[in-house]
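Beneath this line is the structure, given in structure tokens, with notes to follow.
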Amino acid sequence: MDFLSTIGVSTSGMEAQSQRLRVIAENLANADTTGSTPGADPYRRRTVTFGEAIDDETGESSVEVREIGRDQSEFQLRYDPSHPAADARGYVKIANVDTMVETMDMREAQRSYEANLNTMQATRTMLSRTLDILK
């Protein structure tokens with residue numbers, strides 16, 4: 001693998017983690033949402049699935065966001081009979097977003113992004129030193 005391929009792989013990893021962070025931010029922003037009418041579903045947590053992408057020209061492998069899906073887990077119920085979306089028993093469906101899980105995912109995505117950035121910086125340093133040697 002050459003220097004430019006390494007930078008390309010790191011770039012694709014950073015782009016994938018950046019997209020993952022945007023989805024996590026959306027999940028956190030909607031963690032407390034409810035349906036607007038009785039029985040209506042609230043915000044459903046979104047998930048990110050990564051996949052391998054292979055460049056047809058170079059044969060290099062990189063990462064890409066394969067799919068942004070919806071978490072099909074059950075909604076939690078909160079007792080709030082005064083809420084406009086409360087059912088006949090007084091329960092309101094709340095989003096299936098666990099802020100602790102989202103926070104952990106956010107930290108993991110941040111660390112992966114930083115690892116790719118460090119790899120890119122190390123590659124640039126090696127490329128620069130190689131050019132200095134060739135002068």
The reported gap from CE in Met100 to CD in Glu102 (rounded to nearest 0.5 angstrom) is 12.0 Å

Test side-chain contact (heavy atoms from CB on, under 4.5 Å) applied to Val97 and Arg44, step by step:
CA-CA 7 Å; Val97 176; Arg44 188 171 287 279; over 6 Å; no

So do Glu60 and Ile54 actually touch side chain to side chain, heavy atoms under 4.5 Å?
no

Could you tell me whether Glu74 atom CD has more than 12 heavy atoms of other residues or ligands within 6.0 Å of it?
no

Interatomic distance, Glu114 atom CD to Ser112 atom OG [nearest 0.5 angstrom]:
9.5 Å

Dump the intermediate steps for side chain to side chain donor-acceptor pair (under 3.5 Å) on Asn27 and Tyr43, then the final yes or no.
CA-CA 8 Å; Asn27 288 342; Tyr43 175 82; 2.6 Å; yes

Between Thr103 and Asp105, is there a side-chain donor-acceptor contact under 3.5 Å, judged purely by atom types and distance?
no

Check the side chains of Gln17 and Arg20 for a donor-acceptor pair under 3.5 angstrom, ignoring hydrogens and angles.
yes

Exceeds 12 heavy-atom contacts within 6.0 angstrom, atom CG of Asp55
yes

A side-chain contact here means heavy atoms from C-beta on lying under 4.5 Å apart; do Arg45 and Asn30 qualify?
no

Is there a side-chain contact between Ile94 and Phe75 (heavy atoms, below 4.5 Å)?
no

Heavy-atom neighbours of Gln76 CD exceed 12 at 6.0 Å
no

Output the distance between atom CZ (Arg129) and atom CG (Leu134), rounded to the nearest 0.5 Å.
14.5 Å

Short N-O contact, Asp132 and Lys135, less than 4.0 angstrom:
yes

Cluster check Ile7, Val9: I/L/V/M/F/W/Y, side chain < 4.5 angstrom:
no

Looking only at non-hydrogen atoms, find the nearest pair between Gly35 and Ala85 and report the distance.
O-CB, 3.0 Å

Side chain of Thr130, backbone of Met126: donor and acceptor closer than 3.5 Å?
yes

Could you grab the distance from atom CZ of Arg111 to atom CG of Asn116, nearest 0.5 Å is fine?
14.5 Å

Is any side-chain N of the basic residue among Arg66 and Glu52 closer than 4.0 Å to the acidic one's carboxylate O?
no

Which value, rounded to the nearest 0.5 Å, describes the distance between Ser12 atom OG and Phe50 atom CZ?
10.5 Å

Note, Leu77 side chain near Arg89 side chain (heavy atom, < 4.5 Å):
yes

State, without any angle test, whether Ser18 and Arg22 hold a side-chain donor-acceptor pair at a distance under 3.5 Å.
yes

Output for pair (Asp80 CG, Asp87 CG), nearest 0.5 Å, gives 11.0 Å

Evaluation steps, side-chain contact (heavy atoms from CB on, under 4.5 Å), between Val48 and Gln19
CA-CA 8 Å; Val48 177; Gln19 203 166 357; over 6 Å; no

On a heavy-atom basis, the closest approach of Ala40 and Ser36 is CB-N, 4.0 Å

Determine whether Leu21 and Leu28 fall in the same hydrophobic cluster, where Ile, Leu, Val, Met, Phe, Trp and Tyr are linked whenever their side-chain heavy atoms lie under 4.5 Å apart.
yes

Might you confirm whether atom CZ of Arg70 has over 12 heavy atoms from other residues, nucleotides or ligands at distances under 6.0 Å?
yes

Do Ile68 and Thr47 make a side-chain contact, defined as non-hydrogen atoms from C-beta onward lying under 4.5 Å apart?
no

Do Thr34 and Lys93 make a side-chain contact, defined as non-hydrogen atoms from C-beta onward lying under 4.5 Å apart?
no

Modelled atom types, side-chain donor and acceptor of Arg107 and Gln110, under 3.5 Å
yes

Checking Tyr91 now: which residues fulfil ring-ring contact (aromatic ring centres under 6.0 Å, His included) with it, not counting sequence neighbours?
Tyr79

Minimum heavy-atom distance between Ala95 and Pro42, given as atom pair plus value
N-CG, 3.6 Å

Hydrophobic cluster identity match, Met106 and Tyr113, side-chain contacts under 4.5 Å:
no

